[in-house]
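Worksheet: the structure to be examined is printed underneath.
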Amino acid sequence: MNKTHNIGTLSLLAASVLLSACSTFQSQPAAPAPAPAVVSSVTEAPPVVTAKMAAARQQLSQMVALQDRLYRIAGPLLINNADLCRTQARNLLGFTAKNKYSYTGEFVDAAQAVLNYGDRLEVASVLSGSGAARAGLRKGDALVAANGKVLPIGSNAETLAAGILGPLASSSQSLDLTVARGGSNQQLKVPVTRACAFKIDIGNSDNINAYSDGQRVMITRGMVNFAQSDEAIAYVLAKDIAHNVLGHAAITKQAYTVGSIIDNLVAVRPDLSMLIGTAGVKPMPQDLDGAADYLSLYMVARAGYSVDGARAFWQRLASQYPATVLNGYTANHPAVSHRLAVIEKTVAEIRSKQAAKRPLVP
């Protein structure tokens with residue numbers, strides 16, 4: 001007998017016991033009326049929050065805040081460069097959704113306590129500049145239905161919903177989305193958004209690095225803290241988006257290695273022992289790195305960010321965290337002099353085109 005069946009049996013058994021008790025009570029002779037009793041209110045004790053649960057709640061709050069920031073910065077990079085992303089551009093809905101089952105262990109409690117997640121999928125983030133943002137979709141909206149199809153709830157809701165929403169986004173220009181907000185259902189017409197179809201993630205580690213495996217871009221917490229400004233974070237994101245567009249993970253045959261690192265570091269509690277030594281990552285050849293720098297700076301400019309601080313940022317990173325710092329960005333991208341020369345030349349090229357009001361096409 002499986003666990004689900006056991007739970008169902010126990011529930012039915014409990015119900016039958018309650019019914020029997022009521023029936024037995026009603027068949028007894030009437031008892032004398034009891035003396036009036038003093039009515040007292042009983043307040044349930046709040047659930048005990050252990051130190052482990054409190055730490056999980058704080059950790060999840062910090063990760064969600066960082067992820068929200070990355071998603072906001074990445075929005076213009078992904079949307080404004082769809083034509084440069086070649087075959088990797090797709091029609092996207094422009095939002096992510098999660099429920100409490102998106103997490104495991106004590107982080108299930110954290111998701112409920114911090115994010116108020118339950119069984120139903122809720123909008124976790126909305127891509128800045130997307131059709132979803134323009135349609136008024138908000139973080140916290142609960143997903144009810146799409147084009148009249150009821151969306152799933154429960155432990156496998158993310159996967160099942162993707163199977164419904166993905167085909168709808170690819171085959172139409174907009175989506176009729178029903179969401180629950182403020183105690184009532186609302187109907188939103190969400191236009192699809194043409195954008196570079198790369199997943200953007202925060203890496204839960206303090207090493208100063210960023211990774212791309214051809215499909216995803218991940219920037220570590222340490223890199224976000226080092227970069228500090230949105231503009232500097234945009235430089236890093238754009239660089240790895242460019243590596244993906246140019247197919248460098250496949251060319252260097254590192255898609256599997258880097259993909260494993262991303263899989264690990266996106267976890268709320270990653271195995272940091274995987275970052276000992278070089279973590280199996282080979283240095284990026286300078287010609288590939290230079291090509292990614294060139295394309296990335298155009299992406300940055302087209303997204304509305306300034307390219308003026310790019311050289312100074314990468315110079316500062318290389319100076320403070322040189323190639324001798326294993327699992328740092330410069331260790332994986334050691335051709336600093338070549339990169340800085342490419343960056344300087346590309347910035348001048350972009351400035352010239354901007355001054356002449358010519359299209360920013362690399």
Which is it for S102 and E158 under the side chain to side chain contact (heavy atoms under 4.5 Å, CB included) test, yes or no, and what are the steps along the way? CA-CA 8 Å; S102 302; E158 275 194 78; 2.5 Å; yes
Let's go through N332 and Q254 carefully: what are the C-alpha distance in whole Å and the side-chain angles of both, what is the deciding distance for side chain to side chain contact (heavy atoms under 4.5 Å, CB included) to 0.1 Å, and is it a yes or a no? CA-CA 12 Å; N332 294 348; Q254 294 207 90; over 6 Å; no
Assess the residue pair Q320 and V325 against the criterion (side chain to side chain contact (heavy atoms under 4.5 Å, CB included)); give the C-alpha distance rounded to whole Å, side-chain angles, the decisive distance to 0.1 Å, and a yes or no. CA-CA 9 Å; Q320 294 186 28; V325 179; over 6 Å; no
V179 and L177: side chain to side chain contact (heavy atoms under 4.5 Å, CB included), yes or no, with the steps? CA-CA 6 Å; V179 300; L177 197 64; 4.0 Å; yes
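When side chains are defined from C-beta on, R86 counts as touching L246, because their heavy atoms get closer than 4.5 Å. Side-chain contact between I164 and L160 is absent, with no heavy-atom pair separated by less than 4.5 Å. V114 places none of its side-chain heavy atoms less than 4.5 Å from the side chain of V64. When side chains are defined from C-beta on, V245 counts as touching F198, because their heavy atoms get closer than 4.5 Å. A heavy-atom distance below 4.5 Å is not found between the side chains of V192 and S174. In this structure, the side chains of D230 and R72 come closer than 4.5 Å at one or more pairs of heavy atoms. At a threshold of 4.5 Å between non-hydrogen side-chain atoms, the residues Y294 and E349 count as touching. Under the 4.5 Å side-chain criterion, counting only non-hydrogen atoms from C-beta, W314 is not in contact with H333.
Between atom CG of residue L115 and atom CZ of residue R57 there is a gap of 11.0 Å, rounded to the nearest 0.5 Å. For the atom pair L93 CG and L127 CG, the distance stands at 11.0 Å (nearest 0.5 Å). The distance from the CG atom of L237 to the OH atom of Y305 is 8.0 Å, given to the nearest 0.5 Å. A distance of 14.0 Å separates CG of L326 from OH of Y321, quoted to the nearest 0.5 Å. The structure places CG of L295 at 10.0 Å from NE2 of H243, a figure rounded to the nearest 0.5 Å. One finds the CG atom of L78 at 10.5 Å from the OG atom of S128 (value rounded to the nearest 0.5 Å).
A salt bridge is defined here as a Lys NZ or Arg NE, NH1 or NH2 lying under 4.0 Å from an Asp or Glu carboxylate O, and D206 with R221 meets this definition. For R216 and D240, the salt-bridge test fails: no basic side-chain N is under 4.0 Å from an acidic carboxylate O. Using a 4.0 Å cut-off between a side-chain N of Lys or Arg and a carboxylate O of Asp or Glu, D109 and K100 do not qualify as a salt bridge. Looking at R339 and E344, no side-chain N of the basic residue comes within less than 4.0 Å of a carboxylate O on the acidic one, giving no salt bridge.
The shortest non-hydrogen separation linking L92 to C196 is CD1-O, 4.0 Å. Closest approach of M284 and P334 over heavy atoms only: O-CD, 4.2 Å. Smallest separation of non-hydrogen atoms from P359 and K353: O-CD, 3.8 Å. Looking at every heavy atom in both residues, M299 comes nearest to N81 through O-ND2, 3.1 Å. In terms of heavy-atom proximity, L340 sits nearest to Q315 at CD1-OE1, 3.1 Å. Of all the heavy atoms in S205 and L272, the pair that sits closest is CB-CD2, 3.8 Å.
Both F95 and L168 sit in one connected hydrophobic cluster of ILVMFWY residues. Membership requires side-chain heavy atoms under 4.5 Å apart, directly or through other members. Both V268 and V224 belong to a common hydrophobic cluster when Ile, Leu, Val, Met, Phe, Trp and Tyr are linked at side-chain heavy-atom distances under 4.5 angstrom. Following chains of ILVMFWY side-chain contacts shorter than 4.5 Å, one can reach V236 starting from V336, so the two form part of one hydrophobic cluster. Hydrophobic clustering keeps V126 apart from I202 (ILVMFWY residues linked when any side-chain heavy atoms are closer than 4.5 Å, directly or through intermediates). Both I208 and L66 sit in one connected hydrophobic cluster of ILVMFWY residues. Membership requires side-chain heavy atoms under 4.5 Å apart, directly or through other members.
With hydrogens and angles ignored, the 3.5 Å screen pairs a side-chain donor or acceptor of N244 with a backbone N or O of G214. The backbone N or O of K98 sits nowhere less than 3.5 Å from a side-chain atom of E122 that would complete a donor-acceptor pair. Judged by distance alone, with hydrogens and angles left aside, the side-chain atoms of N204 form no donor-acceptor pair with the main-chain N or O of L265 at under 3.5 Å. Of the possible donor and acceptor atoms, none in the side chain of R358 sits under 3.5 Å from a partner among the backbone N and O of A355. Looking at N327, its side chain does come within 3.5 Å of a backbone N or O of G277 through a donor-acceptor pair. Proximity of a side-chain donor or acceptor of S212 to a complementary backbone N or O of V217 within less than 3.5 Å is not detected. A side-chain donor-acceptor contact under 3.5 Å links N99 to the backbone of G154. Distance alone, capped at 3.5 Å, places no donor-acceptor pair between the S352 side chain and the A348 backbone. A donor-acceptor contact shorter than 3.5 Å is absent between the side chain of S172 and the backbone of A169. Without hydrogens or angle criteria, T193 side chain to A195 main chain gives no donor-acceptor distance under 3.5 Å.
Shown here is R138, whose CZ atom has no more than 12 heavy atoms of other residues, nucleotides or ligands within 6.0 Å. Counted within 6.0 Å of CD on Q173, heavy atoms from surrounding residues, nucleotides or ligands total 12 or fewer; the atom is thus considered open.
Between the side chains of R302 and N80, not a single donor N or O lies within less than 3.5 Å of an accepting N or O. H338 and D287 are not linked by any side-chain donor-acceptor pair at a separation below 3.5 angstrom, with hydrogens and angles left out of the test. Between the side chains of S125 and T96, a donor-acceptor pair is found at a separation under 3.5 Å. Side-chain contact annotation: Q186 with T178, donor-acceptor N/O pair under 3.5 Å absent. D119 and Y101 share a side-chain donor-acceptor pair at under 3.5 Å.
Under the 30°/60° scheme for interplanar angles, the aromatic rings of Y235 and F313 are found to be tilted.
In summary, of the residues considered (R311, K239, K345), a salt bridge (charged side-chain N to carboxylate O under 4.0 Å, His left out) with D293 occurs for K239 alone.
In this structure, R316 is positioned above the aromatic face of F226, its NZ or CZ under 6.0 Å from the six-membered ring centre and within 45° of the axis.
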